Amino acid sequence: MPDPGDLLADLTDDQRAAVTHAEGPLLILAGAGSGKTRVITRRVAYLLQQGVRPGSILAITFTNKAAGEMRQRVEKLVPGNRVWVSTFHSLGARLLRQYADRLGIDRNFTIYDTDDRNKLVKDALAATGMDDVKFSPDRLGGAISKAKNQLLTPNGYEKTANDFFTQTVAKVYHGYEKRLRAANAMDFDDLLYLPAQALRLNEEFRRDLDSRFRYVLIDEYQDTNSAQYEVARRLSVDHPNLCVVGDPDQSIYKWRGSDIKNILDFERDFPAARVITLTRNYRSTKNVLHAAGALIDRNKQRKKKALVTDNPAGEPVRVLTFDNGLDEAEGVVVRIKEAVKAGRFRYRDHAIFLRINALTRSLESAFVKHGVPFQIVKGLAFFERKENRDVLAYLRLVANPQDNVSFLRVVNAPSRGVGKTSLDRLVAFAGREEMPLLAAAAQVARIPEIKGKGASGLRDFYRLVTELRTKLDLPPHELIDLVIKQSGYEKMLRDSDDPEDADRLANVSELVTAAKQYHDENPDSKVVDFLEQITLASDTDGWDEAADHVSVMTLHSSKGLEFPVVYVMAVEEGLLPHERSLGKDEDVEEERRLCFVGMTRAMKELHLCHARMREFRGQLNYAIPSSFLGELPRDSSVEHVDLSMTRNVARGAADEWRAKVAPAARDWADTGVRPFIPPKKPEEAASIVVPPDTGLAVGALVQHDEYGLGQVTDLSGFGALRRVKVRFPGHGEKVFVADKAKLKVVGRRQG
DNA sequence: GTGACAGCATGTTAA
DNA sequence: ATGCTGTCAC
């Protein structure tokens, strides 16, 4: 056991107070870069050192990677002590499997991701007979997810449904749940919702777990949802040693159900709570903090809190203006390359953050072109490839024969002569008999409408899966190997003429390798564990921190990380803040927090980039600098650098751009950028698509083929995503895609 | 009835 | 780029 002094020696008074806080609820409001990970880790170590048994400590982190790191650090501080550290979702999955008998569930359940969920939603929607409803499965699934996050059962939700959409959701929700249970599957929300319900309704279960986990620590508490809150709260009744750490300014997951009130109301929920605020920042320069602080200060729904640091002022935050998105990508890559060449930084010191994944593509080519090593941090991408999803579907079906989504995915891959018609009949039969599709396939003889190739194909498939089921105890990689050989999947790819199939074959082999690696690291693991690990992996879990490359990720993924040099790209209206937030103050504030999170990842240098033109879905459009740029301080902490003039071709375009969009971006122009006014070059500017003036404006009167005369009440988005809202007397408000809608402007009201 | 193909709409952030 | 739908030849 180390001396307690060792654990506490290098901490500030506030940090020490948080670490040594004995019993009772504790709220740590930890500003960005204030060393919160360190505080939690030390606190766990300190508790162990005080004689708390490792098994009675539960620590919850935001990613599996963070969980692994914390487990290791604790073990290093207090050797021989393994504590339970996991994410909320992994915790839920583990509890559900561990207590399956008590909770009346089958412990071999499959975890469905969003794609799987949407397939079931689609099926449930079709079964309601409301096929003509134009709500997408994704949207309905999202609503169901939100309902589960708020612990609403289908019946509970139905009672609150008060319009056509929510009533549709209620109907679909019923059917969706039925299908999930029939498939012995859990969606992501179930992993939180079911434990939360069990803790709420089953007092004995609750009491057992409460005394099992006497000390509960939760990181990133500002991003917990109602189900997670319920779990935390119910585990802290008899032993209210709940320690939560978070920062309301970094709450960026409201869209997936997180409720910032959980952290804001902690003191109300636990009146005895001690509150410790950490505002000293150890990460960033004064300039970075000053700029980020000015930005976040614009949020109205916010308790004022200023971060302070003893670090030097450092370089100014730089706002970089590029002519277009390709210039931006290359400009950033070249700057990084030069910084490395000059010996100022290594590649791994750099990170590039983006608002949306789609923007990584142009970066990729710039990296390749300049020979700069990079990693796009999106761990799941590999497992999301079609071929790997197929192979994993086999695995899932073998592990859980009720998994109908997986059945449908692979029953005819490779082709076994089971087409749509045969499948429809099989599905109808299985529905009548209330049995899983695989079981129905076994009884294909009872379905006279399926004959010939279809019948024999289903029989073969059933035999294949049954055969593989006897091998379920093999290590995951060996079972995968059997799957791809015996199913004929490997042969199908090898015999194909399509050159892409060679890549697919390589990916499948790589999947075997990944499974083997997983099994080497977790020798006791079985197929179900491997599948679970893949499904619950976070994007950053696959990130290789140690390698010397530039890291590229979304702003959301960047939470919790830090880098010496940070570039945030495409800081433009419509992207950051994202257009979907426009007009909704709460959502814009979340976008601002997102920007704040990105900025505060930077230790030494921070660059915010934007381009004047950006290609989006094949269309080159003018881009307006983000209003957030206009909210940065107007002092020496921020420097504006216009790099667009370095390209001759840009000159005419830059001029026209200014004329078109500068008035709309007055905020930005006021920041002190000195515009470069080049001579006109119309022949070059001609390649720029100027969105035609459609006459659509709020107040305009429009004619629609079906609804008749209406008035425009709202416009949002731009380019292909531009939406127009129209109020029709007698039909209410309708939203159209501006490009596509058959709307004729017939006049306008003054306005 | 099956499967290959083209044409189509679709697209924020994520466990 | 992807998945879904409709069309067409076997």
Side-chain angles (χ1 to χ4, degrees), chain A residues 60-65 67 86-93 111-115 117-119 122 134 136-139 142 145 148-149 186-192 220 223-225 227-228 252-258 353-359 361 377-381 384-386 389 409 412-425 449-455 457 498 500 532-541 553-559 570 574-582 587 590-591 593-595 597-598 616-618 717 719-721 737 739-740:
Chain A
I60 297 181
T61 56
F62 207 68
T63 65
N64 295 292
K65 194 185 178 68
S86 76
T87 65
F88 258 116
H89 287 87
S90 297
L91 167 74
I111 301 173
Y112 276 3
D113 66 16
T114 311
D115 265 12
R117 175 197 79 185
N118 288 347
K119 283 181 184 162
K122 195 178 168 205
K134 51 204 174 317
S136 69
D138 193 55
R139 196 167 154 221
S145 166
K148 286 192 177 184
N149 282 332
M186 302 286 170
D187 62 22
F188 283 135
D189 306 304
D190 284 335
L191 302 180
L192 311 171
E220 306 284 7
D223 278 323
T224 49
N225 63 31
Q228 291 163 330
I252 54 174
Y253 283 99
K254 184 182 138 228
W255 54 272
R256 77 170 200 207
S258 301
F353 302 150
L354 304 143
R355 177 63 178 83
I356 59 172
N357 283 308
L359 289 174
R361 196 150 304 155
V377 178
K378 199 164 190 286
L380 285 138
E384 273 169 1
R385 306 182 89 99
K386 186 183 182 309
R389 279 200 81 112
R409 183 168 185 107
N412 207 33
S415 168
R416 294 184 180 87
V418 184
K420 189 175 182 324
T421 313
S422 295
L423 270 184
D424 283 347
R425 290 170 178 168
E449 313 93 90
I450 306 180
K451 32 192 181 294
K453 270 195 301 178
D498 188 343
E500 304 236 335
E532 176 174 313
Q533 197 249 1
I534 289 175
T535 316
L536 296 185
S538 41
D539 279 349
T540 41
D541 286 351
M553 64 188 84
T554 63
L555 284 162
H556 283 90
S557 295
S558 78
K559 186 162 90 162
L575 285 166
L576 184 67
H578 194 272
E579 57 173 341
R580 298 263 255 245
S581 70
L582 292 181
D587 293 354
E590 177 151 314
E591 296 286 314
R593 289 193 292 270
L594 191 54
C595 189
V597 165
F616 204 58
R617 299 193 188 140
L721 289 174
V737 175
D739 277 6
K740 307 268 166 73

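In this text the structure is predicted, and so the values were computed from the model without any measurement. Letters A, B, ... are given to chains in the order of the sequence lines, protein chains preceding strands, and every chain is numbered from 1.
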Taking the side chain as everything from C-beta on, heavy atoms only, tell me whether A:Ile60 gets closer than 4.5 Å to A:Thr224.
no

Test item: A:His556 and A:Asp539 side chains (from C-beta on) under 4.5 Å apart, heavy atoms:
no

What's A:Phe88 touching, base or sugar-phosphate or nothing? Going by heavy atoms closer than 4.0 Å.
nothing

Would you indicate, yes or no, if B:dT10 has its OP1 or OP2 atom less than 4.0 angstrom from a side-chain nitrogen or oxygen of A:Ser136?
no

Sugar-phosphate, base or nothing in reach of A:Arg425, heavy atoms under 4.0 Å:
sugar-phosphate

Taking the side chain as everything from C-beta on, heavy atoms only, tell me whether A:Asp587 gets closer than 4.5 Å to A:Lys254.
yes

Looking at A:Arg580, I'd like to know whether one of its side-chain N or O atoms comes within less than 4.0 Å of OP1 or OP2 on B:dT12.
yes

Do A:Asp424 and A:Thr421 have a side chain donor and acceptor closer than 3.5 Å?
no

Under 3.5 Å, is there an N or O donor on one side and an acceptor on the other linking the side chain of A:Thr114 and the base of B:dA15?
yes

Taking only residues two or more places apart in sequence or in another chain, which ones pass salt bridge (Lys or Arg N to Asp or Glu O under 4.0 Å) with A:Arg389?
A:Asp113, A:Asp115, A:Asp116

Candidate nucleotides B:dA14, C:dC4, B:dT12, ranked by approach to the side chain of A:Lys122 - the nearest
C:dC4

Closer than 4.0 Å, any side-chain N/O of A:Asn357 to the OP1 or OP2 of B:dA14?
yes

Does A:Arg256 reach the side chain of A:Asn225, with side-chain heavy atoms less than 4.5 Å apart?
no

Roughly, in whole Å, what's the span from CZ in A:Phe353 to P in B:dA14?
13 Å

I need the CG-P distance between A:Leu536 and B:dA14, as an integer number of Å.
16 Å

Expected rows: protein N/O vs nucleotides 2-8 of chain B N/O, under 3.5 Å:
unit_1, atom_1, unit_2, atom_2, d
B:dT2, OP1, A:Gly419, N, 3.3
B:dT2, OP1, A:Ser422, OG, 2.4
B:dT2, OP2, A:Thr421, N, 3.1
B:dT2, OP2, A:Thr421, OG1, 3.3
B:dT2, OP2, A:Ser422, N, 3.3
B:dG3, OP1, A:Ser415, OG, 2.3
B:dG3, OP1, A:Gly417, N, 3.2
B:dG3, OP2, A:Asn412, ND2, 2.9

Counting only side-chain nitrogens and oxygens, does A:Arg361 get under 4.0 Å of the OP1 or OP2 atom of C:dA1?
no

For a quick check of understanding: with a heavy-atom distance under 4.0 Å over all strands, which category does A:Ser557 fall into, base, sugar-phosphate or nothing?
sugar-phosphate

Tell me what A:Asp113 touches on the nucleic acid: a base, only sugar-phosphate, or nothing, going by heavy atoms under 4.0 Å.
nothing

